[in-house]
Amino acid sequence: MEPLLTAERPGWDDYYMAIARTVATRSSCIRRRVGALIVVEKAIIATGYNGTPLGVKNCAEGGCPRCASDAPPGAGYDTCVCVHAEQNSIVLAARHGNATNGGVLYATLRPCFGCAKESIQAGLRELVYDEPYEYGAGLEEAYRRLIGESGVRLRQHPAR
C-alpha cells in the first residue's frame with residue numbers, strides 16, 4: 001500500500017512559523033498584524049497576537065489612540081495601549097499556568113527591545129522571527145548586546 005502523504009512534511013520551524021502567521025490574522029491592530037507562539041518541548045503552550053488588552057475596545061473601534069493617529073512608525077508609543085504579540089503569549093502562558101522556561105518564541109516580526117527583555121526574563125532560550133525590525137545604530141547596538149549577554153539565541157526564520 002502506498003503512503004497517504006503526497007507532500008513533504010514541513011520542518012518544525014516552518015510548522016511553528018506558519019501557525020504564528022495564522023495567529024497574526026486574529027490581530028485587531030489597524031497598523032500591523034503580528035503573531036507569536038511559545039513552544040516548550042515541541043508543544044505549543046501559548047499563542048498571542050498584538051492588540052488592545054482584554055475588555056478594551058479594539059483598535060479599529062478606536063481603542064488605541066496611537067493606532068488611530070497619523071504617528072509615524074516608531075513614534076507615539078506613549079499613547080499606545082496595545083499589547084505586543086510576544087507579550088500576550090508570555091502573559092497568557094502565565095495566566096493559564098504554563099511554564100515558559102527553556103521555551104522557544106516564534107514571532108512574525110523580530111521582537112522589540114521590550115519584548116526581548118521580557119522574553120529573557122520569562123526564561124525563553126531562543127527567539128525565532130520572520131520579518132526583520134531594525135533600530136537606529138545606537139539602539140540596535142544595545143539590543144544586540146542585550147541578546148548576546150543574555151545567552152538567548154536570536155535568529156531569523158529562512159525566507160519563504
Side-chain angles (χ1 to χ4, degrees), residues 7-53 58-60 64 66-67 71-77 80-96 98-160:
E8 189 175 317
R9 292 173 64 196
W12 288 111
D13 280 354
D14 292 334
Y15 173 71
Y16 293 129
M17 197 57 74
I19 294 169
R21 287 186 204 110
T22 299
V23 170
T25 66
R26 286 285 307 150
S27 171
S28 64
C29 184
I30 57 179
R31 288 184 168 239
R32 179 184 288 187
R33 291 179 163 190
V34 180
L37 56 95
I38 298 173
V39 175
V40 175
E41 296 179 8
K42 293 203 167 61
I44 298 169
I45 62 156
T47 64
Y49 50 86
N50 60 321
T52 56
N58 288 327
C59 294
C64 179
R66 181 187 179 274
C67 288
Y77 287 113
C80 183
V81 299
C82 291
V83 181
H84 290 188
E86 303 89 338
Q87 292 169 318
N88 261 329
S89 64
I90 292 167
V91 170
L92 291 174
R95 185 178 184 135
H96 296 287
N98 294 323
T100 57
N101 198 41
V104 179
L105 175 94
Y106 286 86
T108 58
L109 183 67
R110 186 180 84 158
C112 73
F113 199 82
C115 287
K117 291 188 293 185
E118 291 158 6
S119 296
I120 293 164
Q121 198 67 3
L124 296 170
R125 65 176 169 77
E126 188 171 15
L127 310 177
V128 183
Y129 63 93
D130 204 11
E131 297 176 34
Y133 184 90
E134 299 296 324
Y135 291 111
L139 190 50
E140 185 64 31
E141 182 182 328
Y143 186 97
R144 296 283 175 180
R145 187 173 56 246
L146 171 72
I147 295 297
E149 287 181 21
S150 71
V152 167
R153 183 173 181 211
L154 175 72
R155 63 184 173 89
Q156 186 171 8
H157 179 259
R160 296 173 252 187

Next item on the list: Keeping to residues at least two apart or across chains, list the side chain to side chain donor-acceptor pair (under 3.5 Å) pairs with something in residues 112-123.
Entry: Gln87-Glu118
Item checked: Side-chain donor or acceptor of Thr100 paired with backbone N/O of Ala122 under 3.5 Å -> yes
Checklist line | Nearest-0.5 Å distance, SG of residue Cys64 to CD1 of residue Ile30 | finding: 8.0 Å
Check: Is there side-chain contact between Val91 and Val83, with heavy atoms separated by less than 4.5 Å?
Finding: no
Check: Asn88: what forms a side chain to side chain donor-acceptor pair (under 3.5 Å) with it, not counting sequence neighbours?
Finding: none
Margin query: According to side chain to side chain contact (heavy atoms under 4.5 Å, CB included), who are the partners of Arg31, at least two apart in sequence or on a separate chain?
Written below: Cys29, Arg66, Cys67, Ser69, Ala71
Margin query: Could you work out, with side chain to side chain donor-acceptor pair (under 3.5 Å) as the rule, every residue matching Ser28, not counting sequence neighbours?
Written below: Asn58
Margin query: Quick check on Arg32: does its CZ atom have over 12 non-hydrogen neighbours (other residues, nucleotides or ligands) under 6.0 Å away?
Written below: no
Check: Would you say the side-chain atoms of Thr22 pair up with the backbone N or O of Ala18, donor to acceptor, closer than 3.5 Å?
Finding: yes
Next item on the list: Determine the minimum heavy-atom distance between Val23 and Ala36, stating which atoms define it.
Entry: CG1-O, 4.0 Å
Next item on the list: Quick one: which residue pairs count as a salt bridge (charged side-chain N to carboxylate O under 4.0 Å, His left out) with a foot in residues 87-96, not counting sequence neighbours?
Entry: none
Note to self: For residues 103-136, which residue pairs pass the ring pair (Phe, Tyr, Trp, His ring centres under 6.0 Å) check, not counting sequence neighbours?
What the structure shows: Tyr16-Tyr106, Tyr133-Tyr135, Tyr135-Tyr143
Next item on the list: Indicate the atoms forming the closest heavy-atom contact of Leu105 with Pro111, along with that distance.
Entry: CD2-CG, 3.9 Å
Checklist line | Side-chain heavy atoms of Val152 within contact of Leu124, under 4.5 Å | finding: no
Notebook entry, point to check: When rounded to the nearest 0.5 angstrom, what distance separates CD1 in Ile19 from OG1 in Thr108?
Noted result: 13.5 Å
Check: So, the side chain of Arg155 versus the backbone of Val128: is there a donor-acceptor pair under 3.5 Å, distance only?
Finding: no
Next item on the list: Measure across Pro53 and Val81 and return the closest heavy-atom pair with its distance rounded to 0.1 Å.
Entry: CD-O, 3.2 Å
Next item on the list: Quick one: which residue pairs count as a salt bridge (charged side-chain N to carboxylate O under 4.0 Å, His left out) with a foot in residues 138-154, not counting sequence neighbours?
Entry: Arg110-Glu140, Glu126-Arg153, Glu140-Arg144, Glu141-Arg145
Note to self: Checking Thr47 now: which residues fulfil side chain to side chain donor-acceptor pair (under 3.5 Å) with it, not counting sequence neighbours?
What the structure shows: none
Notebook entry, point to check: Can you tell if the side chain of Leu37 reaches within under 4.5 Å of the side chain of Ser89, non-hydrogen atoms only?
Noted result: no
Margin query: Test: salt bridge (charged side-chain N to carboxylate O under 4.0 Å, His left out). Region: residues 82-92. Which pairs qualify, not counting sequence neighbours?
Written below: none
Next item on the list: Kindly write out the residues that satisfy salt bridge (Lys or Arg N to Asp or Glu O under 4.0 Å) with Asp14, not counting sequence neighbours, or none if the list is empty.
Entry: none
Check: How about Asn50 and Cys82: do any of their side-chain heavy atoms sit closer than 4.5 Å?
Finding: no
Notebook entry, point to check: Heavy atoms, side chains only, cut-off 4.5 Å: are Leu127 and Ile147 in contact?
Noted result: yes
Check: Please, which pairs that meet salt bridge (charged side-chain N to carboxylate O under 4.0 Å, His left out) have at least one residue in residues 33-47, sequence neighbours excluded?
Finding: none
